[in-house]
Amino acid sequence: MKYMALIYASDEATPKYDTPEGQQMFQDYMAVTARFQEDGVMVSGDALEGVEMATTVRIRNGKTETMDGPFTETKEQLGGYYIFDVESLDEALRYAAMIPTSKYGTIEVRPLKVFD
Amino acid sequence: MNDVTDIEKTVRQEWGRLLSSLIAYLGDFELAEDSLQDALESALQHWKRNGLPRSPYAWLLQTARRKAIDRIRRNVNFRKKQSEYQLLLELEAEEDADDFSEETIPDERLRLIFTCCHPALEEKTRVALTLRTLGGLTTREIAKAFLDTEEAMAQRLVRAKRKIRKAGIPYRIPNEQEWPDRLASVLNVLYLIFNEGYSASSGGLSIRVDLCEEALRLTRIMVHLTSDEADVKGLLALLILNHSRREARYADDGSYIPLDRQDRKCWKGNEIREGVSLVESALASGRPGAYQIQAAISAVHSEATSHAETDWQEITLLYDRLYEIQPNPVIRLNYCVALSYTQSEEKALNILLSLEKVLKGYQPYYAAKADLLRRTGDPDGAMQAYQKAIEYSENPFEKEFLHQQSLKRFE
């Protein structure tokens, strides 16, 4: 089954890239990504730019409305994701718990929808 | 034995084993449950006419398997789905080859209970699903125990089965790494079922199945299936010992009688013996978990001839040990109460007062505080604490008891 692990964390809790903690975090992500690939469970995975880079678009009354900012203003933001292909939820949760952000943020694990 | 209730009782006893085996065979929770329900309806018709078959268990399983094949066949004709057609062919081939007897059917209940108690499900859902699938209770009975409507409970169960299927909650026994957490979740569910039965009986609620008895039955099955895992035995001991006091716990008018004033002659001696021997054998494994220690505390109470004769020294030590495993203020509160009977009451009171902030609004805290203040010579403080205790109590009998206590001390 395929699962998406959505990585949420607040800005304050996330180590800045140019600090020793941020560098460590980057190393940890490199290591865990390598592990996922070695185990043959990773379909894809990416980090997202921050919400200040977000633009929303929607169509209302036939008109396209484009706006600056994220869909919802929340403290914990979606910062990245992995897609795993594993046997069951238990494996998906086990791999999700290895994601470095799980130590201070939250990982939401959801199955990809299968249309049948 | 041709009576409908007798048949239903037989089926309910076997429900968990039948369903667990069917789910393993079909790989589908809902299909297994529907087919078993079909088989039960057939059984009611046949058995009423012809009496019970030699092995009702094997009869039901075989019938349920055929009903499942019927259901898939109807579905396939309708939708022509490749995967279901494949499953059907496999099932039909197996069906021809299978020689049924009760002994050859593997017991899959452990897989079932771990699935039902999976932490990806909400706690209340775990309890309800366990009662439905392993306990064989009807949705109506579970709804009644939870004071929910039947419709809301049915919805909850449907959503749970959908999540098991769609989120890919596996039907298997957790591996070694997952075992401790997952076992804790199962034991918590069994404990909650027992407590639900406990509060149902105090509320004067009667359902066909006594939830305390049901929790005991399921925990016994767990002990059997986990080859005497110490924590499971500890939970069983704890439940047996609590249950052994059921007839001493309530007065005729339904009012609650606390441990210190219970008529110990009403405690069940044979159950106490079983509970004590279980906790001893669990502790002998050298891995004392929280349930084992709680059972040990209960055992010390059970073996005391009176409240005054209780080995408070031992209870104090056990609460101290329990607090190391579960640092929660309610355990600390019980520790203080035990300590007050062994060492200085002042020392107990001092520790107790340090809990005031975290236990704000918790009735037993104020009751214990009132008692300790009275014993240390502060009647005014005690009176205030009793009033707080009464204010925070939700049970009219308990309010009355506290009121009587407060009057008794100061008349």
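Below, read A as the first sequence line, B as the second, and so on, with proteins coming before strands; counting in each chain starts at 1. Note that the structure is predicted; figures quoted are calculated from it, not measured.
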Legend entry - Arg35(A)/Glu38(A) ion pair, N-O < 4.0 Å: no
Legend entry - Basic-acidic side-chain contact under 4.0 Å: Arg132(B), Glu33(B): yes
Legend entry - Cys116(B) vs Phe29(B) side-chain heavy atoms within contact, under 4.5 Å: yes
For residues [X] and [Y], is any side-chain donor paired with an opposing acceptor at under 3.5 Å?
X         : Y         : result
Thr125(B) : Arg156(B) : yes
Ser185(B) : Arg126(B) : yes
Ser10(A)  : Gln77(A)  : no

Legend entry - Most contacts with chain B, counted as non-hydrogen pairs under 4.5 angstrom, among Arg94(A), Arg110(A), Glu87(A): Arg94(A)
Inset, instruction - Could you please state which residues from residues 176-184 of chain B sit under 4.5 angstrom from chain A, measuring non-hydrogen atom to non-hydrogen atom, sorted by number, or 'none'? - result: Gln177(B), Glu178(B), Arg182(B)
Inset, instruction - Using a heavy-atom cutoff of under 4.5 Å, enumerate the residues of residues 157-169 of chain B that contact chain A, numbered in order, or state 'none'. - result: Lys166(B), Ala167(B), Gly168(B), Ile169(B)
Inset, instruction - Not counting sequence neighbours, which residues clear side-chain hydrogen bond (donor to acceptor under 3.5 Å, both in side chains) with Tyr191(B)? List them please. - result: none
Legend entry - salt bridge (charged side-chain N to carboxylate O under 4.0 Å, His left out) partners for Arg60(A), two or more places apart: none
Inset, instruction - Just say parallel, tilted or perpendicular for the rings of Tyr29(A) and Tyr82(A), cut-offs at 30° and 60°. - result: parallel
Inset, instruction - Count the heavy atoms of every other residue, nucleotide or ligand shown that sit under 6.0 Å from CD of Glu151(B), and state whether that count exceeds 12. - result: no
